[in-house]
Amino acid sequence: TNGSMINLGTIASGLSCGAHELNDSGQVVGYCGGGGFLYHNGLMTAVGGGPALGINNAGQIVGVSRMANGEDHAFLKNPGSSVLIDLGTLGGNYSEAWDINDSGQIAGVARTASGAYHAFLREPNGLMRDLGTLGNANASGSGINTAGWVVGYGDGLSGQTRGFVYRPSSAVTVTTNPIGLPFTTPQAFGWDIGSSHTISTVLQQVGTPGTRYNWSNWSDGGAVSHTVTANNATTYTANFTTQHQLTMNASNGGAVGPA
């Protein structure tokens, strides 16, 4: 069938309204006048504060609202709560949250201390990451997927607006204990969050004359060659035991054992 378009109505007579996003349960968020709303099962209710711009499948809502200090800040509203959590800024006096994924990661834009507008990624633990720009003054994050990739737009070096995709990476270090098997220094990588990689070593390595190293274990408990998934900053250490060659000699008429 062709389906039908449903008029969501309004919170109060005379207000112009717009829907901005919906989740898999059909919950819709948007604005009526200057305030946000949640529409579900035919009922429109006020969210409180300013426009509601994003909602995830858990019913968490994000948007922008005037705070007690008079500044407009991004907010997070959890289901069942009337509290609008102030997400803060990147050092300036303005921010707005545009989207939230099912992990609770939030994408948006915030003003910096210098007055520029930068895209941000806010983690569920409260950390707001400054995603920077495309090389010019301003950028804004407008969407985020389940892997934490952020899309948006920003001012390019040419002065024209361009879209962007930000792929978060995890700082991964691979090293050995003792150090130097075979690398002389720990190896650092920036792996995309959620990506899979194989780390491996050899069971035995030769060191200086009379010394060898036998693999004992990886710090994460994996096999000598195994696959890991990048999620957070992590160090993987291949642990070895050291063996030294022992040479025994006997003077004339004597004997040693083992021979």
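Paired with Asn217 under the rule side chain to side chain contact (heavy atoms under 4.5 Å, CB included), one option of Thr241, Thr237, Asn239, Val224 passes, and it is Asn239.
Under a 3.5 Å cut-off, the side chain of Ser216 and the backbone N or O of Phe240 do not form any donor-acceptor pair. Counting only distance, with no hydrogens or angles, the side chain of Asp72 and the backbone of Tyr94 share no donor-acceptor pair below 3.5 Å. Counting only distance, with no hydrogens or angles, the side chain of Ser95 and the backbone of Gly88 share a donor-acceptor pair below 3.5 Å. Listed for the Ser81 side chain is a donor-acceptor partner under 3.5 Å among the backbone atoms of Val83.
Ile85 and Val47 fall into different hydrophobic clusters, where Ile, Leu, Val, Met, Phe, Trp and Tyr are joined by side-chain heavy atoms under 4.5 Å apart, directly or via other members. Placement of Phe120 and Ile100 within a single hydrophobic cluster is found when ILVMFWY residues are connected by side-chain heavy-atom separations under 4.5 Å, directly or transitively. If you chain together hydrophobic residues whose side chains sit under 4.5 Å apart, Leu131 and Tyr153 never meet in one group. In the hydrophobic clustering of ILVMFWY residues, with side-chain heavy atoms under 4.5 Å counting as a link, Leu76 and Leu90 come out together. Each of Ile144 and Ile61 belongs to its own hydrophobic cluster when Ile, Leu, Val, Met, Phe, Trp and Tyr are linked at side-chain heavy-atom distances under 4.5 angstrom.
For the residue pair Ser114 / Thr112, a side-chain donor-acceptor distance below 3.5 Å is found, with atom types taken as modelled. For Asn57 and Asn23, the side-chain atoms include no donor-acceptor pair closer than 3.5 Å.
The shortest non-hydrogen separation linking Ala58 to Pro79 is O-CG, 3.3 Å. Nearest heavy atom pair, residue Val202 against residue Trp215, reads O-CB, 3.7 Å. Taking every heavy atom of both residues into account, Ala97 and Leu87 meet most closely at CB-CD1, 4.2 Å. Taking both residues in full, the closest heavy atoms of Ala119 and Gly141 are given as CB-N, 3.5 Å, listed atom of the first, atom of the second, then distance. When all heavy atoms of Leu84 and Gly48 are compared, the closest pair comes out as CD1-O, 3.6 Å. In terms of heavy atoms, Gly163 sits closest to Leu134 at O-CD1, 4.2 Å.
If you take OG1 on Thr234 and CG on Asp220, they are separated by 9.0 Å, rounding to the nearest 0.5 Å. A distance of 13.5 Å separates CH2 in Trp149 from CG in Leu121, rounded to the nearest 0.5 Å. Atom OG1 of Thr89 sits about 10.0 Å away from atom CZ of Arg111, to the nearest 0.5 Å. Rounding to the nearest 0.5 Å gives a distance of 8.5 Å between CD1 of Ile55 and NE2 of His40. Note: Asn138 CG to His118 NE2 = 7.0 Å, rounded to the nearest 0.5 Å. Remark: Gln105 CD to Asp99 CG distance equals 11.0 Å, nearest 0.5 Å.
Ring planes of His197 and Trp191: parallel class, angle under 30° (limits at 30 and 60°).
Annotation for Ile6: atom CD1 does not count as buried by contact number, only 12 or fewer foreign heavy atoms lying within 6.0 Å.
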Test side chain to side chain contact (heavy atoms under 4.5 Å, CB included) on His20 and Trp98; report intermediate values, then the result.
CA-CA 9 Å; His20 200 274; Trp98 280 87; 3.0 Å; yes
Between Ser225 and Thr198, does the side chain to side chain contact (heavy atoms under 4.5 Å, CB included) criterion hold? Intermediate values first, please.
CA-CA 7 Å; Ser225 177; Thr198 299; 3.7 Å; yes
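Residues Val151 and Ser142 meet the side-chain proximity criterion, which asks for heavy atoms closer than 4.5 Å.
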